[in-house]
Amino acid sequence: MAIRRELSGLPLVEDSRHSILRVRSGGFAALEKHVYQRYPEREWGTFFEFGYRRTSWGWALSYVDGFWPEPGDLDRQVGLTRFVDQYSRRAFHHTATSPLAMGVVHSHPQGSCTYPSSLDDEMDSYFAREFGAYGKGKPYCSLILQGNPITGFTFTGRVYDRGEWLPVEKLLTVGDQIELFSSEAEEPRPATMGTSEATRARLVSVLGQPSAVRLEQSTAGIIGCSGTGSPAAHVLARSGVGSFVLVDPKRFAASNLERMHGSQWDHIERYPAPYKVEMVADLIKSINPNANITTLAGNILHENVIDELLRCDLLLGCTDTQHGRAKLSDLAQHYLLPSVDLGVLMEGQNGRLTSQLSDIVIYSPDFPCAFCSGRIDGIELSNELMSEDDRSKRQIQAKEAAERGDDPDQYWRQRPRQLHTVGYLTSILGSVGAGYAEGWLTGAFTPPHSWFQFDIGRERLDVVVPPRDRNAACACSRHLGWGDLAKSYRNVSKPEHWPNRALLLSRT
Ligand SMILES: [Zn+2]
Ligand SMILES: [Zn+2]
(Lines give C-alpha, C1' and ligand atoms only; values in the text may rest on other atoms or scores of the structure.)
(Ligands and ions follow the chains in the order given, each with its own letter.)
Protein backbone atom coordinates (compact mmCIF):
# COMPACT_ATOMS: atom_id res chain seq x y z
CA MET A 1 0.00 0.00 0.00
CA ALA A 2 1.24 3.43 -0.90
CA ILE A 3 1.62 5.95 1.88
CA ARG A 4 -0.95 8.65 1.50
CA ARG A 5 -0.52 12.30 2.32
CA GLU A 6 -3.56 14.32 3.28
CA LEU A 7 -4.56 16.47 0.35
CA SER A 8 -5.69 19.46 2.37
CA GLY A 9 -8.40 20.65 4.71
CA LEU A 10 -10.93 18.10 3.48
CA PRO A 11 -10.08 14.83 5.23
CA LEU A 12 -9.82 11.66 3.16
CA VAL A 13 -11.13 8.25 4.20
CA GLU A 14 -8.76 6.53 6.58
CA ASP A 15 -8.95 3.07 5.03
CA SER A 16 -7.32 2.03 1.76
CA ARG A 17 -10.29 2.84 -0.47
CA HIS A 18 -9.28 4.97 -3.43
CA SER A 19 -10.14 5.76 -7.00
CA ILE A 20 -8.61 5.03 -10.40
CA LEU A 21 -9.45 7.26 -13.35
CA ARG A 22 -9.16 6.11 -16.96
CA VAL A 23 -9.08 8.53 -19.86
CA ARG A 24 -8.70 7.94 -23.59
CA SER A 25 -5.40 9.44 -24.73
CA GLY A 26 -7.11 11.64 -27.33
CA GLY A 27 -9.57 13.01 -24.78
CA PHE A 28 -6.79 13.61 -22.31
CA ALA A 29 -4.70 15.55 -24.85
CA ALA A 30 -7.70 17.82 -25.54
CA LEU A 31 -8.28 18.30 -21.81
CA GLU A 32 -4.64 19.19 -21.14
CA LYS A 33 -4.61 21.65 -24.06
CA HIS A 34 -7.70 23.32 -22.64
CA VAL A 35 -6.59 23.66 -19.01
CA TYR A 36 -3.04 24.78 -19.88
CA GLN A 37 -4.21 27.47 -22.34
CA ARG A 38 -3.15 30.36 -20.05
CA TYR A 39 0.22 28.85 -19.14
CA PRO A 40 2.77 29.29 -17.69
CA GLU A 41 1.38 31.63 -15.02
CA ARG A 42 -2.38 31.36 -15.12
CA GLU A 43 -4.84 28.56 -14.51
CA TRP A 44 -7.90 27.43 -16.41
CA GLY A 45 -10.51 24.75 -15.96
CA THR A 46 -13.65 22.99 -17.08
CA PHE A 47 -16.42 20.74 -15.86
CA PHE A 48 -16.31 17.21 -17.24
CA GLU A 49 -18.58 14.20 -17.43
CA PHE A 50 -17.56 10.78 -16.23
CA GLY A 51 -18.86 7.24 -15.84
CA TYR A 52 -18.24 5.20 -12.73
CA ARG A 53 -18.48 1.91 -10.90
CA ARG A 54 -18.43 1.45 -7.16
CA THR A 55 -16.09 -1.48 -6.46
CA SER A 56 -14.90 -3.28 -3.36
CA TRP A 57 -11.71 -1.17 -3.38
CA GLY A 58 -13.25 2.22 -4.24
CA TRP A 59 -14.32 3.95 -7.43
CA ALA A 60 -13.38 3.03 -10.99
CA LEU A 61 -13.95 6.26 -12.92
CA SER A 62 -13.80 6.86 -16.64
CA TYR A 63 -13.62 10.26 -18.29
CA VAL A 64 -16.21 10.76 -21.01
CA ASP A 65 -15.79 14.36 -22.21
CA GLY A 66 -15.39 17.95 -21.13
CA PHE A 67 -18.52 19.96 -20.36
CA TRP A 68 -16.62 22.83 -21.89
CA PRO A 69 -17.03 26.47 -20.88
CA GLU A 70 -18.47 29.03 -23.26
CA PRO A 71 -17.18 32.61 -23.43
CA GLY A 72 -17.85 34.29 -20.08
CA ASP A 73 -18.24 31.01 -18.16
CA LEU A 74 -14.86 31.37 -16.44
CA ASP A 75 -13.46 34.63 -15.08
CA ARG A 76 -10.59 35.74 -17.37
CA GLN A 77 -9.66 38.68 -15.11
CA VAL A 78 -8.11 36.51 -12.40
CA GLY A 79 -5.14 34.16 -12.64
CA LEU A 80 -6.92 31.48 -10.64
CA THR A 81 -9.74 29.32 -11.97
CA ARG A 82 -13.07 30.91 -11.09
CA PHE A 83 -16.28 29.33 -12.33
CA VAL A 84 -18.97 31.95 -13.02
CA ASP A 85 -22.44 31.13 -11.66
CA GLN A 86 -24.06 30.78 -15.07
CA TYR A 87 -21.61 27.98 -15.91
CA SER A 88 -22.08 26.17 -12.59
CA ARG A 89 -25.86 26.39 -12.91
CA ARG A 90 -25.71 24.94 -16.42
CA ALA A 91 -23.58 22.08 -15.12
CA PHE A 92 -25.98 21.46 -12.17
CA HIS A 93 -28.95 21.27 -14.51
CA HIS A 94 -27.09 19.07 -16.95
CA THR A 95 -26.18 16.55 -14.27
CA ALA A 96 -29.81 16.41 -13.15
CA THR A 97 -30.85 15.03 -16.55
CA SER A 98 -27.73 13.23 -17.76
CA PRO A 99 -27.01 9.68 -16.58
CA LEU A 100 -23.34 10.61 -16.18
CA ALA A 101 -21.68 12.24 -13.18
CA MET A 102 -20.01 15.65 -13.27
CA GLY A 103 -16.59 16.69 -12.07
CA VAL A 104 -14.26 19.66 -12.14
CA VAL A 105 -10.74 19.83 -13.46
CA HIS A 106 -8.42 22.82 -13.22
CA SER A 107 -4.73 23.45 -13.76
CA HIS A 108 -2.20 24.84 -11.35
CA PRO A 109 0.50 27.12 -12.79
CA GLN A 110 3.37 25.42 -14.53
CA GLY A 111 5.93 24.17 -12.03
CA SER A 112 3.69 24.44 -8.96
CA CYS A 113 2.37 21.55 -6.94
CA THR A 114 -1.11 20.15 -7.44
CA TYR A 115 -2.24 20.10 -3.80
CA PRO A 116 -5.59 21.84 -3.39
CA SER A 117 -5.52 25.37 -1.97
CA SER A 118 -7.99 26.49 0.69
CA LEU A 119 -10.00 28.12 -2.13
CA ASP A 120 -10.01 24.75 -3.91
CA ASP A 121 -11.32 23.16 -0.70
CA GLU A 122 -14.13 25.71 -0.56
CA MET A 123 -14.98 25.14 -4.22
CA ASP A 124 -14.99 21.35 -3.79
CA SER A 125 -17.16 21.48 -0.67
CA TYR A 126 -19.68 23.63 -2.53
CA PHE A 127 -19.67 21.56 -5.74
CA ALA A 128 -19.74 18.23 -3.87
CA ARG A 129 -22.90 19.38 -2.07
CA GLU A 130 -24.60 20.86 -5.14
CA PHE A 131 -23.71 18.09 -7.59
CA GLY A 132 -24.69 15.53 -4.97
CA ALA A 133 -28.10 17.18 -4.66
CA TYR A 134 -28.72 17.80 -8.38
CA GLY A 135 -27.23 14.44 -9.36
CA LYS A 136 -29.23 12.55 -6.71
CA GLY A 137 -26.22 11.05 -4.97
CA LYS A 138 -23.90 10.57 -7.94
CA PRO A 139 -20.20 10.91 -7.03
CA TYR A 140 -18.35 14.15 -7.66
CA CYS A 141 -14.72 14.26 -8.79
CA SER A 142 -12.22 17.11 -8.65
CA LEU A 143 -8.84 17.01 -10.40
CA ILE A 144 -5.87 19.37 -10.41
CA LEU A 145 -3.41 19.01 -13.29
CA GLN A 146 0.00 20.50 -13.94
CA GLY A 147 2.00 20.03 -17.11
CA ASN A 148 5.66 20.85 -17.57
CA PRO A 149 7.68 19.86 -20.65
CA ILE A 150 10.82 19.36 -18.53
CA THR A 151 9.69 17.97 -15.19
CA GLY A 152 6.57 16.30 -16.57
CA PHE A 153 2.94 15.91 -15.66
CA THR A 154 1.62 15.84 -12.08
CA PHE A 155 -1.86 15.67 -10.63
CA THR A 156 -3.98 15.14 -7.55
CA GLY A 157 -7.63 14.23 -7.40
CA ARG A 158 -10.41 13.35 -5.01
CA VAL A 159 -13.86 11.88 -5.27
CA TYR A 160 -16.78 12.73 -3.03
CA ASP A 161 -19.35 10.10 -2.24
CA ARG A 162 -22.00 10.35 0.47
CA GLY A 163 -20.01 12.35 2.96
CA GLU A 164 -16.58 10.84 2.27
CA TRP A 165 -13.60 11.91 0.18
CA LEU A 166 -11.52 9.26 -1.57
CA PRO A 167 -8.20 10.09 -3.23
CA VAL A 168 -7.67 9.50 -6.96
CA GLU A 169 -4.48 7.47 -6.75
CA LYS A 170 -3.94 6.58 -10.38
CA LEU A 171 -4.68 8.07 -13.74
CA LEU A 172 -4.40 5.77 -16.75
CA THR A 173 -4.45 7.10 -20.30
CA VAL A 174 -5.48 4.57 -22.93
CA GLY A 175 -4.39 4.92 -26.55
CA ASP A 176 -1.39 3.70 -28.57
CA GLN A 177 0.28 3.45 -25.20
CA ILE A 178 -1.22 2.76 -21.78
CA GLU A 179 0.35 5.38 -19.55
CA LEU A 180 0.11 5.32 -15.78
CA PHE A 181 0.41 8.41 -13.58
CA SER A 182 0.36 8.26 -9.80
CA SER A 183 -1.04 11.13 -7.79
CA GLU A 184 1.46 13.61 -6.42
CA ALA A 185 0.04 12.74 -2.99
CA GLU A 186 1.19 9.11 -3.29
CA GLU A 187 4.62 8.07 -2.12
CA PRO A 188 6.26 6.08 -4.93
CA ARG A 189 5.83 2.35 -4.44
CA PRO A 190 8.97 0.46 -3.50
CA ALA A 191 10.37 -1.87 -6.16
CA THR A 192 8.71 -5.29 -6.19
CA MET A 193 11.25 -7.23 -8.21
CA GLY A 194 12.85 -9.42 -5.59
CA THR A 195 16.12 -10.07 -7.31
CA SER A 196 18.84 -7.64 -8.30
CA GLU A 197 18.88 -5.16 -11.18
CA ALA A 198 20.93 -7.76 -13.03
CA THR A 199 17.84 -9.88 -13.58
CA ARG A 200 16.41 -7.22 -15.83
CA ALA A 201 19.58 -6.09 -17.60
CA ARG A 202 18.52 -7.65 -20.92
CA LEU A 203 15.10 -6.08 -20.85
CA VAL A 204 16.51 -2.67 -19.90
CA SER A 205 19.03 -2.86 -22.73
CA VAL A 206 16.21 -3.42 -25.24
CA LEU A 207 13.34 -1.33 -23.86
CA GLY A 208 15.14 1.14 -21.56
CA GLN A 209 14.94 1.87 -17.82
CA PRO A 210 11.62 3.78 -17.89
CA SER A 211 10.02 0.72 -19.47
CA ALA A 212 11.33 -1.52 -16.71
CA VAL A 213 9.81 0.84 -14.15
CA ARG A 214 6.55 0.96 -16.10
CA LEU A 215 6.29 -2.84 -16.16
CA GLU A 216 7.04 -3.06 -12.46
CA GLN A 217 4.21 -0.64 -11.72
CA SER A 218 1.79 -2.50 -13.99
CA THR A 219 -1.07 -4.74 -13.00
CA ALA A 220 -1.96 -7.36 -15.60
CA GLY A 221 -5.25 -9.23 -15.48
CA ILE A 222 -5.10 -12.72 -16.96
CA ILE A 223 -8.42 -14.35 -17.69
CA GLY A 224 -7.93 -18.05 -18.27
CA CYS A 225 -4.82 -19.57 -16.70
CA SER A 226 -4.31 -22.71 -18.70
CA GLY A 227 -2.62 -23.31 -22.08
CA THR A 228 -2.42 -19.69 -23.26
CA GLY A 229 -2.75 -17.79 -19.98
CA SER A 230 0.03 -19.65 -18.14
CA PRO A 231 2.80 -18.88 -20.69
CA ALA A 232 1.54 -15.28 -20.90
CA ALA A 233 1.82 -14.94 -17.10
CA HIS A 234 5.20 -16.67 -17.20
CA VAL A 235 6.63 -14.21 -19.75
CA LEU A 236 5.12 -11.16 -18.00
CA ALA A 237 6.52 -12.28 -14.64
CA ARG A 238 10.01 -12.58 -16.14
CA SER A 239 9.67 -9.12 -17.70
CA GLY A 240 9.12 -7.72 -14.20
CA VAL A 241 5.38 -6.93 -14.27
CA GLY A 242 4.74 -6.25 -10.58
CA SER A 243 1.08 -7.15 -10.03
CA PHE A 244 -1.33 -9.74 -11.35
CA VAL A 245 -5.01 -10.58 -11.13
CA LEU A 246 -5.49 -14.23 -12.14
CA VAL A 247 -8.91 -15.64 -13.04
CA ASP A 248 -9.85 -19.22 -13.92
CA PRO A 249 -12.63 -21.40 -12.51
CA LYS A 250 -10.92 -24.76 -12.94
CA ARG A 251 -8.68 -27.08 -11.02
CA PHE A 252 -5.71 -28.78 -12.63
CA ALA A 253 -6.26 -32.04 -14.53
CA ALA A 254 -3.59 -34.50 -15.72
CA SER A 255 -4.20 -33.64 -19.38
CA ASN A 256 -3.16 -30.01 -18.66
CA LEU A 257 0.44 -31.05 -18.00
CA GLU A 258 1.23 -30.97 -21.72
CA ARG A 259 0.57 -27.26 -22.06
CA MET A 260 0.29 -25.55 -18.74
CA HIS A 261 3.39 -23.62 -17.65
CA GLY A 262 4.06 -24.04 -13.96
CA SER A 263 2.49 -27.50 -13.78
CA GLN A 264 4.56 -30.40 -12.50
CA TRP A 265 4.23 -34.14 -12.19
CA ASP A 266 3.35 -34.01 -8.51
CA HIS A 267 0.36 -31.73 -9.22
CA ILE A 268 -1.34 -34.77 -10.79
CA GLU A 269 -1.16 -36.70 -7.55
CA ARG A 270 -2.49 -33.98 -5.28
CA TYR A 271 -5.98 -34.28 -3.93
CA PRO A 272 -7.88 -32.12 -4.29
CA ALA A 273 -6.08 -30.88 -7.37
CA PRO A 274 -4.89 -27.28 -7.03
CA TYR A 275 -6.72 -24.48 -8.81
CA LYS A 276 -4.96 -23.40 -11.99
CA VAL A 277 -4.74 -19.82 -10.69
CA GLU A 278 -2.86 -21.09 -7.62
CA MET A 279 -0.33 -22.89 -9.80
CA VAL A 280 0.24 -19.85 -12.00
CA ALA A 281 0.58 -17.70 -8.86
CA ASP A 282 3.27 -20.11 -7.61
CA LEU A 283 5.04 -19.87 -10.96
CA ILE A 284 5.05 -16.06 -10.79
CA LYS A 285 6.25 -16.13 -7.17
CA SER A 286 9.10 -18.49 -8.09
CA ILE A 287 10.32 -15.79 -10.48
CA ASN A 288 9.40 -12.66 -8.52
CA PRO A 289 8.76 -13.37 -4.82
CA ASN A 290 7.54 -9.80 -4.28
CA ALA A 291 4.88 -9.82 -6.98
CA ASN A 292 1.38 -8.79 -5.83
CA ILE A 293 -1.04 -11.48 -6.91
CA THR A 294 -4.80 -11.81 -6.53
CA THR A 295 -6.24 -15.21 -7.45
CA LEU A 296 -9.91 -15.81 -8.19
CA ALA A 297 -11.57 -19.12 -9.00
CA GLY A 298 -14.30 -17.77 -11.22
CA ASN A 299 -15.28 -16.23 -14.50
CA ILE A 300 -14.95 -12.81 -16.12
CA LEU A 301 -18.75 -12.39 -15.82
CA HIS A 302 -18.64 -12.44 -12.01
CA GLU A 303 -19.13 -8.98 -10.54
CA ASN A 304 -16.36 -9.43 -7.96
CA VAL A 305 -14.00 -10.48 -10.76
CA ILE A 306 -14.87 -7.32 -12.70
CA ASP A 307 -14.09 -5.27 -9.57
CA GLU A 308 -10.61 -6.79 -9.39
CA LEU A 309 -10.00 -6.48 -13.14
CA LEU A 310 -10.76 -2.77 -12.92
CA ARG A 311 -7.59 -2.39 -10.85
CA CYS A 312 -5.56 -3.60 -13.86
CA ASP A 313 -3.72 -1.59 -16.50
CA LEU A 314 -4.68 -4.12 -19.14
CA LEU A 315 -6.13 -7.59 -19.55
CA LEU A 316 -5.10 -10.69 -21.46
CA GLY A 317 -8.04 -12.75 -22.66
CA CYS A 318 -6.93 -16.38 -22.67
CA THR A 319 -10.22 -18.27 -22.42
CA ASP A 320 -11.11 -18.46 -26.10
CA THR A 321 -14.83 -18.27 -25.32
CA GLN A 322 -17.54 -16.13 -26.89
CA HIS A 323 -18.76 -14.74 -23.57
CA GLY A 324 -15.19 -13.94 -22.47
CA ARG A 325 -14.58 -12.09 -25.71
CA ALA A 326 -17.90 -10.20 -25.51
CA LYS A 327 -17.09 -9.15 -21.93
CA LEU A 328 -13.57 -7.98 -22.79
CA SER A 329 -15.13 -5.90 -25.52
CA ASP A 330 -17.70 -4.40 -23.14
CA LEU A 331 -15.01 -3.61 -20.55
CA ALA A 332 -12.97 -1.80 -23.20
CA GLN A 333 -15.92 0.26 -24.44
CA HIS A 334 -17.68 1.01 -21.16
CA TYR A 335 -14.81 1.16 -18.66
CA LEU A 336 -11.91 2.11 -21.01
CA LEU A 337 -10.14 -1.05 -19.80
CA PRO A 338 -8.08 -2.36 -22.73
CA SER A 339 -7.19 -5.96 -23.54
CA VAL A 340 -5.36 -8.35 -25.82
CA ASP A 341 -7.59 -11.29 -26.69
CA LEU A 342 -5.95 -14.54 -27.76
CA GLY A 343 -7.56 -17.51 -29.49
CA VAL A 344 -6.28 -20.75 -30.97
CA LEU A 345 -7.92 -23.15 -33.40
CA MET A 346 -6.53 -26.55 -34.36
CA GLU A 347 -8.31 -28.74 -36.87
CA GLY A 348 -7.39 -32.00 -38.51
CA GLN A 349 -8.01 -35.70 -38.93
CA ASN A 350 -6.11 -38.95 -38.56
CA GLY A 351 -3.01 -37.35 -37.15
CA ARG A 352 -2.75 -34.70 -39.88
CA LEU A 353 -3.30 -31.07 -38.87
CA THR A 354 -5.15 -28.95 -41.41
CA SER A 355 -5.36 -25.78 -39.34
CA GLN A 356 -3.20 -24.28 -36.56
CA LEU A 357 -4.65 -20.84 -36.33
CA SER A 358 -3.68 -18.13 -33.86
CA ASP A 359 -6.00 -15.16 -33.52
CA ILE A 360 -5.03 -11.87 -31.86
CA VAL A 361 -7.49 -9.04 -31.24
CA ILE A 362 -6.96 -5.76 -29.45
CA TYR A 363 -9.95 -4.39 -27.55
CA SER A 364 -9.79 -0.73 -26.65
CA PRO A 365 -12.21 2.20 -26.80
CA ASP A 366 -10.36 3.32 -29.94
CA PHE A 367 -11.46 0.20 -31.84
CA PRO A 368 -14.89 -1.18 -32.74
CA CYS A 369 -16.50 -3.61 -30.33
CA ALA A 370 -16.44 -7.38 -30.82
CA PHE A 371 -19.92 -7.35 -32.36
CA CYS A 372 -19.05 -4.64 -34.92
CA SER A 373 -16.06 -6.75 -35.90
CA GLY A 374 -18.21 -9.85 -36.33
CA ARG A 375 -16.16 -11.55 -33.63
CA ILE A 376 -19.10 -13.01 -31.73
CA ASP A 377 -21.01 -16.08 -32.79
CA GLY A 378 -24.40 -15.44 -31.20
CA ILE A 379 -25.48 -19.10 -31.18
CA GLU A 380 -22.21 -20.21 -29.65
CA LEU A 381 -22.51 -17.42 -27.07
CA SER A 382 -25.94 -18.53 -25.91
CA ASN A 383 -24.81 -22.18 -25.86
CA GLU A 384 -21.97 -21.27 -23.51
CA LEU A 385 -24.29 -19.52 -21.08
CA MET A 386 -27.03 -22.16 -21.17
CA SER A 387 -27.64 -24.39 -18.16
CA GLU A 388 -26.64 -28.08 -18.41
CA ASP A 389 -30.33 -29.00 -18.49
CA ASP A 390 -31.10 -26.72 -21.40
CA ARG A 391 -28.01 -27.88 -23.20
CA SER A 392 -28.90 -31.57 -23.05
CA LYS A 393 -32.52 -30.77 -23.97
CA ARG A 394 -31.30 -28.90 -27.02
CA GLN A 395 -28.99 -31.74 -28.01
CA ILE A 396 -31.82 -34.27 -27.80
CA GLN A 397 -34.08 -31.98 -29.86
CA ALA A 398 -31.33 -31.62 -32.46
CA LYS A 399 -30.91 -35.39 -32.67
CA GLU A 400 -34.65 -35.87 -33.10
CA ALA A 401 -34.76 -33.19 -35.77
CA ALA A 402 -31.95 -34.90 -37.67
CA GLU A 403 -33.84 -38.20 -37.49
CA ARG A 404 -36.96 -36.51 -38.86
CA GLY A 405 -34.88 -35.07 -41.67
CA ASP A 406 -35.20 -31.49 -40.33
CA ASP A 407 -32.35 -29.06 -39.74
CA PRO A 408 -30.78 -29.92 -36.35
CA ASP A 409 -28.86 -26.63 -36.20
CA GLN A 410 -31.91 -24.67 -35.04
CA TYR A 411 -31.71 -26.62 -31.76
CA TRP A 412 -28.04 -27.28 -31.29
CA ARG A 413 -25.25 -26.58 -33.69
CA GLN A 414 -22.35 -28.94 -33.62
CA ARG A 415 -19.05 -27.15 -33.53
CA PRO A 416 -16.84 -27.77 -36.54
CA ARG A 417 -14.43 -30.61 -36.00
CA GLN A 418 -11.97 -29.10 -33.58
CA LEU A 419 -9.01 -30.63 -31.79
CA HIS A 420 -7.67 -29.82 -28.39
CA THR A 421 -4.97 -27.22 -28.66
CA VAL A 422 -1.47 -28.30 -27.78
CA GLY A 423 1.39 -26.76 -25.87
CA TYR A 424 3.69 -25.49 -28.57
CA LEU A 425 0.92 -23.44 -30.19
CA THR A 426 -0.63 -22.11 -26.97
CA SER A 427 2.87 -21.21 -25.70
CA ILE A 428 3.64 -19.25 -28.87
CA LEU A 429 0.37 -17.37 -28.66
CA GLY A 430 0.59 -16.70 -24.92
CA SER A 431 4.14 -15.38 -25.31
CA VAL A 432 3.28 -13.20 -28.30
CA GLY A 433 0.27 -11.82 -26.41
CA ALA A 434 2.48 -11.03 -23.42
CA GLY A 435 4.91 -9.30 -25.80
CA TYR A 436 2.13 -7.09 -27.18
CA ALA A 437 1.10 -6.27 -23.62
CA GLU A 438 4.69 -5.22 -22.80
CA GLY A 439 4.86 -3.14 -25.97
CA TRP A 440 1.55 -1.44 -25.19
CA LEU A 441 2.38 -0.68 -21.56
CA THR A 442 5.82 0.73 -22.36
CA GLY A 443 5.04 2.38 -25.68
CA ALA A 444 7.90 0.38 -27.24
CA PHE A 445 5.74 -1.00 -30.06
CA THR A 446 2.19 -1.81 -31.07
CA PRO A 447 0.76 -4.88 -32.80
CA PRO A 448 0.85 -4.50 -36.61
CA HIS A 449 -2.96 -4.78 -36.78
CA SER A 450 -5.74 -4.48 -34.22
CA TRP A 451 -6.98 -7.90 -35.39
CA PHE A 452 -5.05 -10.55 -37.25
CA GLN A 453 -4.63 -14.27 -37.62
CA PHE A 454 -1.80 -16.53 -38.67
CA ASP A 455 -1.32 -20.24 -39.19
CA ILE A 456 2.08 -21.69 -38.37
CA GLY A 457 1.44 -24.68 -40.67
CA ARG A 458 0.86 -22.61 -43.80
CA GLU A 459 3.12 -20.88 -46.31
CA ARG A 460 4.09 -17.38 -45.24
CA LEU A 461 2.08 -18.16 -42.11
CA ASP A 462 -1.07 -17.33 -44.08
CA VAL A 463 -1.53 -14.02 -42.28
CA VAL A 464 -5.08 -12.68 -42.51
CA VAL A 465 -6.13 -9.17 -41.48
CA PRO A 466 -9.93 -9.11 -41.30
CA PRO A 467 -11.58 -5.72 -41.83
CA ARG A 468 -12.53 -3.90 -38.64
CA ASP A 469 -14.96 -0.98 -38.84
CA ARG A 470 -17.56 0.34 -36.47
CA ASN A 471 -20.97 -0.83 -37.60
CA ALA A 472 -23.25 2.22 -37.87
CA ALA A 473 -26.10 0.22 -36.37
CA CYS A 474 -24.06 -0.72 -33.29
CA ALA A 475 -24.39 1.52 -30.23
CA CYS A 476 -20.90 0.80 -28.89
CA SER A 477 -19.38 4.20 -29.73
CA ARG A 478 -22.15 5.99 -27.84
CA HIS A 479 -21.30 4.75 -24.35
CA LEU A 480 -17.53 4.99 -24.20
CA GLY A 481 -16.48 5.37 -20.59
CA TRP A 482 -19.98 5.22 -19.14
CA GLY A 483 -18.97 2.55 -16.62
CA ASP A 484 -21.92 0.94 -14.83
CA LEU A 485 -24.20 3.58 -16.36
CA ALA A 486 -23.92 1.57 -19.59
CA LYS A 487 -25.43 -1.43 -17.79
CA SER A 488 -28.43 -1.68 -20.07
CA TYR A 489 -26.12 -1.68 -23.10
CA ARG A 490 -23.98 -4.59 -21.90
CA ASN A 491 -23.76 -7.41 -24.41
CA VAL A 492 -23.32 -10.17 -21.91
CA SER A 493 -23.89 -10.77 -18.20
CA LYS A 494 -23.67 -13.63 -15.76
CA PRO A 495 -26.45 -16.21 -16.27
CA GLU A 496 -28.75 -16.81 -13.31
CA HIS A 497 -27.75 -20.46 -12.86
CA TRP A 498 -24.07 -19.65 -12.23
CA PRO A 499 -22.79 -19.08 -8.70
CA ASN A 500 -23.13 -15.45 -7.67
CA ARG A 501 -19.51 -14.73 -6.96
CA ALA A 502 -16.08 -15.98 -7.84
CA LEU A 503 -14.08 -17.48 -5.00
CA LEU A 504 -11.32 -15.15 -3.86
CA LEU A 505 -8.52 -17.58 -3.06
CA SER A 506 -5.68 -15.30 -2.06
CA ARG A 507 -4.28 -11.80 -2.22
CA THR A 508 -0.57 -11.22 -1.66
ZN1 LIG B 1 -6.37 25.14 -7.38
ZN1 LIG C 1 -19.95 -2.11 -31.90
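We count ligands from 1, going down the list as the structure has it; atoms in each ligand are counted the same way.
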> Are any of the side-chain nitrogens in Arg325 or Asp320 under 4.0 Å away from the carboxylate oxygens of its partner?
Replying inline: yes
>> Could you check whether Lys487 pairs with Glu303 (Lys NZ or Arg NE/NH1/NH2 to Asp/Glu carboxylate O, under 4.0 Å)?
In response: no
>> According to salt bridge (Lys or Arg N to Asp or Glu O under 4.0 Å), who are the partners of Asp377, at least two apart in sequence or on a separate chain?
In response: Arg413
> Should the pair Asp121-Arg158 be classified as a salt bridge under the 4.0 Å nitrogen-to-oxygen rule?
Replying inline: yes
>> Which residue is it: Phe83, Tyr63, Trp68? I am looking for the one with a ring pair (Phe, Tyr, Trp, His ring centres under 6.0 Å) to Phe47.
In response: Phe83
>> Only to 10 degrees, please: what angle do the SG atom of Cys476 and the SG atom of Cys474 make about the Zn ion (ligand 2)?
In response: 110°
> Given SG of Cys372 on one side and SG of Cys369 on the other, what angle do they make at the Zn ion (ligand 2), to 10°?
Replying inline: 120°
>> Looking at Trp59, I'd like to know if the NZ or CZ of Arg17 sits under 6.0 Å from its six-membered ring centre while staying within 45 degrees of the ring's axis.
In response: no
> So how many protein N, O or S atoms does the Zn ion (ligand 1) have within less than 2.8 Å?
Replying inline: 4
> Does the side chain to side chain contact (heavy atoms under 4.5 Å, CB included) test come out yes or no for Leu485 and Leu100, once each step is laid out?
Replying inline: CA-CA 7 Å; Leu485 307 167; Leu100 297 168; 3.7 Å; yes
